[in-house]
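Scroll down for the structure; my scribbles are underneath it.
Residue numbering restarts at 1 for every chain, and letters A, B, ... go by the order of the sequence lines.
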2 protein chains.
Amino acid sequence: MEDDVDRLIAAWEHERPDVDVSPMHVLSRVTRLALHLDRARKEAFADHDLEPSEFDVLSALRRSGDPYQLSPGQLVHETLVTSGTMTNRVDRLVRKGLVERLPDPDDRRGVQVRLTPTGRAAVDGALDALLAHEKQLLAGLGEREAGDLAASLRTLSRPFDR
Amino acid sequence: MEDDVDRLIAAWEHERPDVDVSPMHVLSRVTRLALHLDRARKEAFADHDLEPSEFDVLSALRRSGDPYQLSPGQLVHETLVTSGTMTNRVDRLVRKGLVERLPDPDDRRGVQVRLTPTGRAAVDGALDALLAHEKQLLAGLGEREAGDLAASLRTLSRPFDR
DNA sequence: CCCCACAATCTCGATGTCAAGAATCTTGAC
DNA sequence: GTCAAGATTCTTGACATCGAGATTGTGGGG
C-alpha cells in the first residue's frame, strides 16, 4: 500500500531526520494529484476539442445562467488567472466561435463575454464527459469517506478563499 | 461555512439539475487548493531565490542522498515533467551555480546532475521555510483528520501511480 | 465644470512548458 | 563482428501564462 509520496517522505526522513516532513503526506499528495487530474481532464475534453483552460472559462459563463455572459473581470475572479491570460483565452474562444465579445451598455470601458449557442453545446457536452470520468476516479471512495475528504479540503482551503 | 466551491456547485445544480456534480466537491477543491499551494510555495521560497520548479529538482537530488546526483532521466521521472523541461531547468540551475553537469562514467550518452555545496545549502534552507509554512496551513486539522485526509488522497492517487 | 484618483481592459516582453524529432550511444540477435 | 532497435539527452518551435504598464473611461470633490 506504499505510494510515490510514501517513498519520497521516507527518503527525506533518512536524509533530514532533524525535520518533520509529515505535512507532505497531505500537501505533496494534493499537488501531485492535481497534476494528474489536470492531465486526465485534458483527455476527457479531447473529444470535444477543448483545453481545460478553455473549459474553465466556458463553464464559468455556463453556470452563471441565462444570458450566459460575464465581464472579463468577473471571469478573472472566477478562474484565478490574471487579466492578460483572460484576454488571451477569450481571444481564442472567440476565434473558435464559442463566445462573443459585446460592448457593455452601461460602461464604455467595459466588455461582456457571452456564450454562443455553439459554445453552450460544447460546454454542456464537455461537462458530461468530465463528470463521467470523475465519477470513475471517485469510485474507490465510499460516500462517507468522500464527504469527509471534501470537508477536510474545505478547511484547508479556507485561508485562501479571499 | 460556505466556500467558493460550494457556491460553484450550487450554481451548477441550478443550471444543470440533470447531472450529478457532486464529484466536484472533492476534485474541484483539490485543483483549486493545489493552485493556491503553488503560489504559497512561491512566496515561501522567495527569500531563498528559488522557484518551486527549481526546488523540485534540487529536492529530488537532495533526498536521493550522498553523492546527491541523478541522471536527467531520473529527474524527469521524479518530477513529472518532460525531458525538454528538465534540460531547461538544469540549465538554469547550472547558471545559478546550484548544480553541475558531469559526464556519466559508464554511459557516454549519459549525464549526471550533481548538487553543488551551494545548492545543497539552498535546498536545505528552502525546505525548512517550506515546512514551517506548511505546518501553519495544516494547523487547522487535527492529527487524526490529517491522517484520514492523507489516506483518502492516497486512494485517489493510486490509479495514477503507474 | 474640471481634474484626478481609480477602474476595466488590453498590450507587450519574458519565461516556462510541452511535443516532436535530432543526435549520440548501447545492447543483443544473428 | 555488425547492424538494427532501443535508450538517453538535447534542440527546436509553438504556445500559454504572468507581470507590468499603457489606454481608455468613470465619478466625486473642489
Shortest non-hydrogen contact from [X] toward [Y]:
X	Y	value
H48(A)	A129(A)	NE2-CB, 3.6 Å
E15(A)	G65(B)	OE2-CA, 3.1 Å
V26(B)	L138(A)	CG1-CD2, 4.1 Å
T31(A)	L37(B)	OG1-CD1, 4.3 Å

Quick check: on DNA chain C, is the nucleotide nearest G110(B) upstream (toward 5') of the one nearest T87(A), or the reverse? Name the residue that is more 5'.
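Final value for this comparison: T87(A).
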Please determine if E51(B) and R92(B) form a salt bridge, counting it only when a charged side-chain N lies under 4.0 Å from a carboxylate O.
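A salt bridge is absent here (no side-chain N lies under 4.0 Å from a carboxylate O).
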Single-linkage hydrophobic cluster F160(B)~L149(A), side-chain heavy atoms < 4.5 angstrom
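F160(B) clusters together with L149(A).
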Under 4.5 Å between side-chain heavy atoms, counting indirect links through other Ile/Leu/Val/Met/Phe/Trp/Tyr residues: same cluster for V5(A) and L61(B) or not?
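Linked, V5(A) and L61(B) end up in one cluster.
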[X] [atom1] - [N] [atom2] separation (whole Å):
X	N	atom1	atom2	answer
L35(A)	dT17(C)	CG	P	11 Å
D106(A)	dT9(C)	CG	P	13 Å
E54(A)	dT17(D)	CD	P	9 Å
D104(B)	dT24(C)	CG	C1'	14 Å
R108(B)	dT8(D)	CZ	P	17 Å
N88(B)	dC18(C)	CG	P	11 Å
L75(B)	dC10(D)	CG	C1'	15 Å
R89(B)	dG16(C)	CZ	C1'	8 Å

Distance below 4.0 Å between [X] side-chain N/O and [N] OP1 or OP2:
X	N	result
T82(A)	dC18(D)	yes
T85(A)	dA16(D)	no
R101(B)	dC10(D)	yes
R109(A)	dC10(C)	no

Report the residue (V111(B) or K42(B)) whose heavy-atom-nearest nucleotide on DNA chain D is the more 5′ of the two.
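The residue closer to the strand's 5' end, by nearest nucleotide, is V111(B).
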Could you tell me whether G84(A) contacts a base, only the sugar-phosphate backbone, or nothing, with contacts defined as non-hydrogen atoms closer than 4.0 Å?
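Here G84(A) touches the bases of the nucleic acid.
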How would you label the contact of D107(B) with the nucleic acid (heavy atoms, under 4.0 Å): base, sugar-phosphate, or nothing?
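Here D107(B) touches the backbone only, sparing every base.
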Which one, dT11(D), dC18(C), dT17(C), comes nearest to the side chain of R92(B)?
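Nearest to the side chain of R92(B) among the choices is dT17(C).
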Other residues, nucleotides, ligands: >12 heavy atoms within 6.0 Å of R101(B) CZ:
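Atom CZ in R101(B) is crowded, with more than 12 foreign heavy atoms closer than 6.0 Å.
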Would you find more than 12 non-hydrogen atoms of other residues, nucleotides or ligands less than 6.0 Å from E143(B) atom CD?
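No.
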Starting from the first five and the last five pairs of the helix from dC1(C)-dG30(D) to dC30(C)-dG1(D), work out the angle between the resulting helix axes, to 10 degrees.
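Answer rounded to 10°: the end axes differ by 0°.
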Polar side-chain contact S83(A)-dC10(C) base: donor and acceptor under 3.5 Å:
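Indeed there is one.
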Is a side-chain donor-acceptor pair under 3.5 Å present for H36(A) with R32(A)?
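Short answer, no.
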Neighbours of DNA chain C within residues 56-71 of chain B, by heavy-atom distance under 4.0 Å
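Heavy-atom cutoff 4.0 Å gives no residues at all.
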